[in-house]
Amino acid sequence: MIDYNNKFPEVCINEDNNSGFTVIDVTNPFSPSYCFSGKHGEYGFRPGYPIDPKSYALRYYTEPPGDERSFEYLKEEMQDAILDIQDEPFISDRQTLDEAWHNWSPTLDEIDEEVPSTDAKDFMKALRAVIETRSTENAQNMADALSPTSGVIDGLRRILRQQMLPKCCDPVLVKVFLMAQDLSKSGELDLSWMQLWPAQVSKIVHAVLQEDSFKITSLDISGNPDVTLVTLSNIFRLEKAREITRLYLFGCPKVEDIRRADMSGKIGMDKGAKVFNSYCPAELCDPWARPRFGLGLLSL
């Protein structure tokens, strides 16, 4: 949507766009988050990074523009507006913000700016060895020896950002996601942006749902591009899948053109369940303004 090389959508050319956007992330519709984003180089904003309300106001609503002023300098109504939203969920990282743009793809180094822990490095080294051997037996042995640490989970996520894993790695995938679910103590199973094959999505979901200690009410499989209606139907054949009341499918192109109201009936979900995907009727969405992966844009 925004080109940080100083190119804006045609609709904004020769119009007062006030040099910024409000970005609203509705990936989790029950707890939407927001941030501001400024044009490249304008008012001293750092291009491509979220801007909080106070920083935006201090740069934009001052004379001359960009002059450093204190919060108290702002008009009272501006201070009140900032204070009113300061406790709302905020998009604080660049990766989440970047999901809104069509024209920028982060490299692995840009996504993983933090150095991986020793546990993560050891896990990644061991899994790469399994990938090279293509041995399911080696993968099972590795899975049996894994310890439930955050480093192991982080290591898997880092590898999945680089490549889709072959079928021989399924025992490791299932074991790590079971550990992650146990550590999170969450009612949401998050498989988003993992580049999983459809069969792997089904296998992981089935394994988690079969654990009596987990009560999963929300499933996020956004960003796994090969997921289809068949994948989803296989998941919701399980009796325990009936407990899932929210399903997130942003960034799944093979199911994005199905109306949300029709989705639950097609895959066997209960009628009261909510499905969130990228469906947007042509008559309601201009192509340039169509939000990606649950993020929307409003001109400031």
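Predicted model only: the values in this text are computed from it and were never measured.
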*asked:* Do Val172 and Met164 sit in one hydrophobic cluster, given that two such residues count as connected whenever their side-chain heavy atoms are within less than 4.5 Å of each other, even indirectly?
replied: no

*Under a 4.5 Å side-chain heavy-atom rule over Ile, Leu, Val, Met, Phe, Trp and Tyr, are Val230 and Leu238 clustered together?*
no

Can you tell me how far apart [atom1] ([X]) and [atom2] ([Y]) are? Round to the nearest 0.5 Å.
X: Ser213; Y: Lys185; atom1: OG; atom2: NZ; answer: 7.5 Å
X: Met194; Y: Ile204; atom1: CE; atom2: CD1; answer: 9.5 Å
X: Ile235; Y: Ile244; atom1: CD1; atom2: CD1; answer: 7.0 Å
X: Met263; Y: Met269; atom1: CE; atom2: CE; answer: 9.5 Å
X: Arg242; Y: Leu209; atom1: CZ; atom2: CG; answer: 12.5 Å
X: Leu219; Y: Asp190; atom1: CG; atom2: CG; answer: 9.0 Å

Contact between [X] and [Y] at the side-chain level, heavy atoms closer than 4.5 Å - yes or no?
X: Gln200; Y: Asp170; value: yes
X: Thr245; Y: Asp270; value: no
X: Leu191; Y: Asp220; value: no
X: Trp197; Y: Asp226; value: yes
X: Phe123; Y: Leu156; value: yes
X: Met124; Y: Arg158; value: yes
X: Gln195; Y: Leu165; value: no
X: Pro50; Y: Phe36; value: no

Verify, without hydrogens or angle tests, whether [X] (side chain) and [Y] (backbone) share a donor-acceptor contact under 3.5 angstrom.
X: Ser202; Y: Ala199; value: no
X: Ser33; Y: Pro89; value: no
X: Lys240; Y: Glu211; value: yes

Give me the atom names and distance for the closest heavy-atom approach of [X] to [Y].
X: Lys266; Y: Ser233; result: O-OG, 3.7 Å
X: Leu178; Y: Ala207; result: CD2-O, 3.8 Å
X: Cys169; Y: Ala139; result: CA-CB, 4.2 Å
X: Ile216; Y: Ser186; result: CD1-O, 4.2 Å
X: Thr136; Y: Pro171; result: CG2-CG, 4.2 Å
X: Leu196; Y: Asn224; result: N-OD1, 2.9 Å

*Would Tyr248 and Ser218 satisfy side-chain contact (heavy atoms from CB on, under 4.5 Å), going step by step from the backbone distance to the final call?*
CA-CA 8 Å; Tyr248 301 96; Ser218 177; 3.2 Å; yes

*Step by step, would you call Val227 with Lys254 a side-chain contact (heavy atoms from CB on, under 4.5 Å)?*
CA-CA 7 Å; Val227 165; Lys254 295 182 179 180; over 6 Å; no

*Take Leu173 and Leu160 through the test side-chain contact (heavy atoms from CB on, under 4.5 Å) and record every step on the way to the result.*
CA-CA 10 Å; Leu173 276 172; Leu160 286 172; 4.1 Å; yes

*Can Leu127 and Met142 be said to form a side-chain contact (heavy atoms from CB on, under 4.5 Å), step by step?*
CA-CA 8 Å; Leu127 185 56; Met142 179 181 173; 3.9 Å; yes

*Take atom CG in Asp212; do more than 12 heavy atoms of anything else shown fall under 6.0 Å from it?*
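Check fails, neighbour count at 12 or below.
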
*Taking atom CD of Gln163 as the centre, report whether more than 12 heavy atoms of other residues, nucleotides or ligands fall under 6.0 Å from it.*
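Atom CD in Gln163 is crowded, with more than 12 foreign heavy atoms closer than 6.0 Å.
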
*Would you confirm whether the ring centroid of Tyr34 sits within less than 6.0 angstrom of the ring centroid of Phe90?*
yes

